[in-house]
Amino acid sequence: MFESLELFIGQVIDIETLLNNLAAFNYKNVKRALIEGEFSQRGEILDVYPVNFDGPVRIDFDDEKISRIASINLRSQKSIWQHKIIIILPFHKKKKEDVFTSDIPLNNFVDIQKGDYVVHNNHGIGRFLGIKEFDISDSKKEHLIIEYKDGDKLYVPKHDMRLVQKYVSFNKKPPRLFKLGSKEWHKVRIKIQKRLQMLAAELLHTQALRASLKGHLFSEDTQWQKEFENAFPYTETDDQIKATLEVKQDMESLQPMDRLLCGDVGYGKTEVALRAAFKAVMDNKQVAVLVPTTILAEQHFYNFSHRMKDFPIKVAMLSRFRTKSEQVGIIKDLKDGKVDIVIGTHRLISKDIFFKDLGLIIIDEEQRFGVKAKERLKHLRVLADVLTLTATPIPRTLHMALTGARDMSIITTPPQNRIPIKTEIVEFDEDLIKKAIQRELKRKGQVFFLHNRVEDIEQIARIVNRLSESARIGIAHGQMSPKVLEDIMIKFLDGAIDVLVCTTIIGSGIDIPNANTLIVNRADNFGLADLHQLRGRVGRSDVKSYAYFIVPPKKILSSIAKARLEAIEKFCGLGAGFKIAFEDMQLRGAGNLLGGEQHGYITSIGFDLYCRLLKESVENLKLLNEGTANAANI
């Protein structure tokens with residue numbers, strides 16, 4: 001029988017019974033729960049670090065009633081976000097014969113509210129009506145109530161809660177409810193299961209193909225590598241250290257690396273990439289860093305050059321910021337091996353570019369490249385180790401589903417001393433703008449003023465100038481000549497510009513720790529994911545940062561715009577990207593990874609069950625392959 005502990009808000013449970021249950025599940029009673037499989041109790045507060053969780057969970061009791069369940073930050077011990085229902089699995093090492101099935105939850109939080117659409121593994125899509133107690137065999141038992149087509153109701157006992165998850169899909173339209181007891185759900189599920197077996201086979205085939213190729217076996221870290229890493233001015237997070245280790249292990253093996261590194265904006269993915277690039281150069285190999293925009297190329301060029309200035313490493317940039325003759329010179333130096341690291345846009349994968357000895361390709365935000373560029377990258381993947389960075393969060397459930405079929409590292413912990421960004425939704429107010437700019441300049445900081453219309457951006461710059469006469473103002477947008485734009489960006493990076501009035505050209509990857517006030521004009525015109533990315537331009541150091549989203553009067557805003565703005569204001573804590581609009585951000589990450597064909601399957605059965613079935617297919621196929629290989633050896 002499947003064993004699990006289900007805990008939810010409002011549940012009445014004796015704390016001693018719960019502690020005994022945890023002990024029976026092989027959890028260890030300690031002073032402070034710091035690693036998986038530990039729990040600690042202080043009066044009416046219980047901290048548990050359940051298996052497969054990213055961190056500990058704090059459960060608050062009011063007498064014998066659970067009043068609060070929240071994920072907590074390991075370092076600060078503060079709540080990160082609240083939960084309605086959690087599922088705790090026994091703590092034991094997975095045995096060889098334990099095969100994953102779709103009845104095992106991948107997401108241990110069942111964060112559903114009355115009225116939400118939910119998916120029951122065996123009965124399909126319905127609507128959640130709440131939790132109710134029923135008298136069964138002389139005792140009270142809690143059940144989830146799910147309503148199906150024609151008002152039929154399913155009562156799910158507490159021990160089967162793992163079979164229920166919130167319905168999430170790429171489709172904004174409400175799903176079709178299934179008829180309880182009909183064979184339709186079973187048919188849909190079987191059809192998708194067969195398709196997912198094909199997808200799993202493709203993924204494992206690609207992996208097996210890579211395993212059969214021989215790549216470059218990079219040497220172990222040099223003394224210079226240690227010196228380079230010690231010069232990092234911040235304290236690495238545990239996730240950064242783990243990701244760096246995983247990348248190095250890949251590089252030091254004969255199999256070519258193809259690793260995906262995910263992390264919220266400003267969480268230190270670039271530092272992991274820098275260390276990998278340095279390691280490659282120490283083995284006399286060249287590195288290509290491929291980025292989607294010229295601004296991001298400039299930013300990386302600035303960062304790589306500054307971090308490596310004390311070492312004999314030649315860093316170059318290839319983008320429209322370079323003149324034709326400069327480009328010709330860089331291309332020749334690449335071929336002759338005089339350039340160690342080259343940073344560039346899709347220009348880097350043109351057919352006229354040749355390397356003397358390419359060892360590592362770093363791709364930033366691959367999903368933003370066109371089809372042709374992606375095809376060319378497929379070809380390059382065979383030639384060198386590849387590290388892909390993305391700030392679009394990949395849902396944990398998908399990460400777990402792809403374990404063993406795709407190499408992924410995830411950074412979920414924010415850098416030390418980061419302070420959440422103070423976010424305000426405001427109407428256009430010259431006094432407020434003036435005060436916000438003055439406060440930032442008073443502490444010798446810099447300001448982004450984002451106005452996404454080139455037609456009247458100069459007019460806005462004049463208003464900003466009038467409001468802060470002493471400020472040095474710059475304008476940046478994509479229609480400027482490359483030379484002018486580059487000069488402006490370098491001045492801003494070097495602190496020679498106080499306020500940059502710009503378009504969304506600064507939308508991703510720009511990292512200027514001294515810029516800690518962001519003002520976005522007409523924020524109602526942006527999607528939630530875009531607002532989160534823009535807000536990530538500030539708050540990259542240990543000083544208090546501010547984001548002001550300017551909108552028209554609330555009464556003329558559409559209901560969708562209102563909902564988006566409320567969400568961006570509400571989710572301003574660290575790591576909010578993993579919480580912000582699951583549909584908007586996380587599924588975009590899943591979409592990038594899975595491709596359009598899978599969207600229909602996710603709409604039919606919901607994202608969570610899709611991931612469970614995918615993992616089941618991957619695990620079963622791997623087991624089958626191992627069995628076939630063993631039989632062949634016999």
Side-chain angles (χ1 to χ4, degrees), residues 210 213-216 218 247 250-251 256-261 269-270 273-274 276-305 307-308 311-390 478 481-483 485-486 489 508-509:
R210 254 189 40 246
L213 295 170
K214 283 203 164 41
H216 175 72
F218 283 92
V247 169
D250 284 356
M251 291 174 77
M257 170 169 76
D258 190 3
R259 181 167 289 276
L260 179 65
L261 174 60
K269 297 182 296 294
T270 307
L274 275 159
F278 192 92
K279 185 177 181 69
V281 175
M282 290 300 100
D283 249 20
N284 298 312
K285 289 282 184 182
Q286 289 172 299
V287 180
V289 182
L290 190 64
V291 297
T293 67
T294 46
I295 293 285
L296 198 45
E298 180 68 53
Q299 171 77 62
H300 277 323
F301 178 62
Y302 185 90
N303 283 341
F304 273 69
S305 304
R307 277 285 277 120
M308 296 183 181
F311 299 90
I313 294 173
K314 171 88 166 126
V315 182
M317 180 179 71
L318 203 57
S319 76
R320 69 186 185 96
F321 280 172
R322 292 288 174 262
T323 63
K324 278 275 188 287
S325 62
E326 284 174 332
Q327 288 190 30
V328 168
I330 292 166
I331 291 167
K332 187 179 183 303
D333 286 351
L334 271 176
K335 198 177 175 183
D336 295 343
K338 290 178 183 169
V339 168
D340 299 304
I341 299 172
V342 64
I343 296 155
T345 53
H346 57 273
R347 175 76 185 89
L348 254 190
I349 46 177
S350 308
K351 297 241 169 97
D352 63 331
I353 307 285
F354 297 96
F355 293 84
K356 187 181 182 190
D357 195 359
L358 181 64
L360 173 66
I361 303 165
I362 296 167
I363 308 165
D364 204 348
E365 301 293 348
E366 186 177 2
Q367 73 278 3
R368 292 177 59 191
F369 290 97
V371 178
K372 274 187 182 170
K374 283 182 180 169
E375 281 305 310
R376 181 100 174 101
L377 283 172
K378 267 187 194 170
H379 169 67
L380 286 176
R381 273 188 154 85
V382 183
L383 306 176
D385 280 16
V386 177
L387 176 64
T388 308
L389 318 178
T390 180
S481 75
K483 193 78 195 95
L485 187 55
E486 185 187 24
M489 289 315 294
S508 71

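From a predicted model like this one, the values you see are computed outputs, not experimental measurements.
If you take CD1 on Ile313 and CZ on Phe304, they are separated by 10.5 Å, rounding to the nearest 0.5 Å. For the atom pair CZ (Arg322) and CZ (Arg347), the distance works out to 13.5 Å, reported to the nearest 0.5 Å. Note that the NZ atom of Lys285 and the CE atom of Met251 stand 10.5 Å from one another [nearest 0.5 Å]. Here the straight-line distance linking atom CG of Leu318 with atom CD of Gln327 works out to 5.0 Å at 0.5 Å rounding. Atom CG of residue Asn303 and atom CD1 of residue Ile343 lie 8.5 Å apart, to the nearest 0.5 angstrom. Atom CG of Leu261 sits about 9.0 Å away from atom OG1 of Thr270, to the nearest 0.5 Å.
Comment: Lys314 does not engage Asp340 in a salt bridge, judged by the lack of any side-chain N to carboxylate O separation of less than 4.0 angstrom.
Contact record, Pro256 with Ala384: CB-O, 4.5 Å, taken as the closest heavy-atom pair. In this structure, Met308 and Val315 approach most closely via the heavy-atom pair SD-CG2, 4.5 Å. Nearest heavy-atom pair across Ala288 and Phe355 is CB-CZ, 3.9 Å. Residues Asp357 and Asn284 approach most closely at OD2-O, 4.1 Å, considering heavy atoms. Considering all non-hydrogen atoms of both residues, Ile362 and Ala277 come closest at CD1-CB, 4.1 Å.
Ser319 contributes a side-chain N or O that, together with a main-chain N or O of Phe321, makes up a donor-acceptor pair within less than 3.5 Å. Between the side chain of Asp385 and the backbone N or O of Leu360 there is no donor-acceptor pair closer than 3.5 Å. With hydrogens and angles ignored, the 3.5 Å screen pairs a side-chain donor or acceptor of Thr293 with a backbone N or O of Leu296.
Under the side chain to side chain contact (heavy atoms under 4.5 Å, CB included) criterion, Phe354 pairs with Lys335, not counting sequence neighbours. Scanning for side chain to side chain contact (heavy atoms under 4.5 Å, CB included) contacts around Lys356 gives Gln286, with sequence neighbours left out.
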Side chain to side chain contact (heavy atoms under 4.5 Å, CB included) for Leu485 and Arg320? Distances and angles first, verdict last. CA-CA 10 Å; Leu485 187 55; Arg320 69 186 185 96; 3.9 Å; yes

